[in-house]
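To start, the structure under review is shown below, and the notes come after it.
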Amino acid sequence: MKSLSLRLSFLVTALLLAGACTPATPTGPPPQSFGTSVFAAVVTRNPSEAIDVVLVPDDDYGDMNDVTARQTFVDQVQLLIQSGFEMNQAWSLNADEVNYWYMTRSGDVQPGSGICPSVSWPNLSDAGFAEVVVLLHPNQLRDCAVGNRVTSEPTSFNTIVHEASHAVFGLPDEYCCDGGYWTAPPVLYSTQAACLTDATSAAWRQCQSIVSAGGATWWRSEDSLCDIMVCVSAAVQEYGTADWVIVERVLSGLPNASITAPSVYAPDAWP
Amino acid sequence: MQRNRRSFGLVILLLLLAVAAWWLLGRFAPVPLGISASALTPAPTPADARTVAVLRLEISSDADGEVAEVVMSEGLVRPGYGPNVLHRPGAWTVSLMAATGEALSFGLPDPRQVRVESETADAPHTEAFLPAVELELVIPLSDPLGNDLAVSEIRLFDQPGNLIFAAGVRGGKIAPIPLRQVPAGAAG
């Protein structure tokens, strides 16, 4: 009898060990074919139900078919998730709605002749599902972002969250005067009257105008509040109350999403 | 002999508990404890028949910053997931038209506005304007649940609300539509 229970212990241990050592999803050597250059870093949901952030390596990280080089890049990805996205409560508390992926195709970012760097993007056809694609490069230079494509040093944590917020949630810039502005109630309005009469912003409304470099006047509901869409200094990592309304709206559009509101808004920091 | 077996059983039990704890911690930790580069899990392809439209547009502007011309250099429909765009505002608007009317619309930043990293610590970036730019648009042709939106036309509006591009979607192909052929009232 004792011999039987001992054998049973062995069997359960072996099964558990086998289960723990086998990832829930298949593994294999680095694939080379179409449709297989994007891999899971932290993935909790199907892409159709999630915000998907794809991190692309600069070729300075080396050959992504080499597991050591790839691990170096993946470690940077992990640091970015923890020190950037996870330091913003809206992203952190809703981490179950966000997938982080990395690409094994490399790009290249070099100083450019103009204001922006010269960027060579890899074939991004596998990353079509991404709400934002960030090319991480270790060399220091002045970066640019176009649409949902961003280049950055891996440690520019707040800048990456700021840029991702444009691409993922459609948040406009909220600082004066050369940002990208568009109508996005209850954050930004094209008229003072619209800002002053929006019921959504009644609780915190302090309408203040921004005159853009192009001459148009915009109205912000949160006056000069310093949130991550205004300031990106290390202390400012959260959204303002108005930003959260839009962020929540977009997150709520994901199927089967369970959304948690932040307990802290800018200018306070968390934790 | 019996005692040895008991000790061995205890060791097995402890090992079992340690493995279970490690597995549970790894599974439920909110922040990744460590991402392994050796486990390559490819991005999934849709199990259903959902598709996306991929448009490559060359956009040129005049001296006043008005959109002068939008030329589609590539347009195709392929199986895949698109970005989740529901409720997203933006300077420009993409409108997906079905036979019954607008099936979905969403915003995107003006692709001509390049956000440039600022040299000062507190300002996120400044802006630069590119009069000629290439935009690659990936547009979901299904709703978030995978239901086909039956999109027959894709329209693109600039920030003032001018219709700047339209394309028809027929039988898995995308073909630009001259703007003069788009029904009056669609623009703006």
Side-chain angles (χ1 to χ4, degrees), chain A residues 2 6 9 12-13 16-17 20 23 25 27-28 30-31 35-36 38-42 46-48 51 67 70-71 74 77-78 81-82 86 95 101 115-116 126 128-131 142-147 159 162-163 166 169-170 175 178-180 182 184 231-233 246 249-250 253-255, chain B residues 2 5 8-9 12-13 15-16 19-20 22-23 30-32 34-46 50 52 54 65 80-84 86-91 107-111 113-117 119 121-128 133 135-136 138 144-146 159:
Chain A
K2 274 184 181 162
L6 193 64
S9 299
V12 172
T13 309
L16 255 175
L17 277 171
T25 39
T27 62
T36 51
V38 175
F39 297 93
V42 181
N46 189 299
S48 65
I51 299 301
V67 74
R70 201 162 69 233
Q71 186 66 56
V74 167
V77 167
Q78 183 174 336
I81 295 169
Q82 290 176 331
E86 294 288 329
W101 307 83
I115 193 168
C116 290
D126 289 354
F129 64 93
E131 279 76 28
R142 191 176 193 185
D143 285 295
C144 285
V146 184
T159 303
H162 173 102
E163 295 300 341
H166 285 308
F169 301 119
Y175 59 86
D178 58 356
W182 52 83
C231 316
V232 292
S233 64
I246 293 180
R249 207 177 282 154
V250 173
L254 303 172
Chain B
Q2 195 112 347
R5 278 188 175 174
F8 190 64
I12 294 288
L13 186 68
L15 186 66
L16 201 93
V19 167
W22 174 74
W23 182 78
V31 170
I35 305 169
S36 170
S38 58
L40 288 171
T41 309
T45 47
R50 73 181 73 201
V52 293
V54 183
Y81 292 113
N84 288 296
L86 209 59
H87 307 311
R88 194 172 76 189
L108 68 154
D110 184 339
Q113 287 182 325
V114 178
R115 306 183 296 276
V116 184
E117 189 177 27
E119 298 292 352
D122 249 14
H125 52 70
T126 57
E127 291 257 314
V133 67
L135 169 68
E136 188 184 85
V138 180
L145 297 173
Q159 190 155 10

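Every chain is numbered from 1 and lettered A, B, ... according to where its sequence line falls, protein lines coming before strand lines. Values in this document were obtained by computation on a predicted structure and should not be read as measured data.
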Which class fits the ring pair A:Tyr175 and A:His162: parallel under 30°, tilted 30 to 60°, perpendicular over 60°? tilted

What part of B:Pro144 lies closer than 4.5 angstrom to a heavy atom of chain A: side chain, backbone, both or neither? both

B:Gln113 versus chain A, the contacting section by heavy-atom distance below 4.5 Å: both

Not counting sequence neighbours, which residues clear ring pair (Phe, Tyr, Trp, His ring centres under 6.0 Å) with B:Tyr81? List them please. none

Heavy-atom pair of closest approach, residues B:Ile35 and A:Ala41: CG2-O, 3.6 Å

Does some side-chain heavy atom of [Y] sit less than 4.5 Å from a side-chain heavy atom of [X]?
| X | Y | result |
| --- | --- | --- |
| B:Leu135 | B:Leu108 | yes |
| A:Ile115 | B:Val114 | no |
| A:Phe39 | B:Pro42 | yes |
| B:Leu40 | A:Arg70 | yes |

Under a 4.5 Å cutoff for heavy-atom pairs, which residue among [options] has the most contacts with chain A?
| options | value |
| --- | --- |
| B:Asn84, B:Val116, B:Leu86 | B:Asn84 |
| B:Pro46, B:Gly146, B:Gly80, B:Gly82 | B:Gly82 |
| B:Ala128, B:Gly65, B:Ser36 | B:Ser36 |

Below 4.5 Å, heavy-atom pairs only: which of [options] has the largest tally toward chain B?
| options | answer |
| --- | --- |
| A:Ser48, A:Gly179, A:Gly253, A:Gly128 | A:Ser48 |
| A:Pro47, A:Ala184, A:Gly180, A:Gly147 | A:Pro47 |
| A:Glu131, A:Arg249, A:His166 | A:Glu131 |

Please state whether the side chain, the backbone, both or neither of A:Leu254 comes within less than 4.5 Å of a heavy atom of chain B. side chain

Structural part of A:Ala130 lying under 4.5 Å from a heavy atom of chain B: backbone

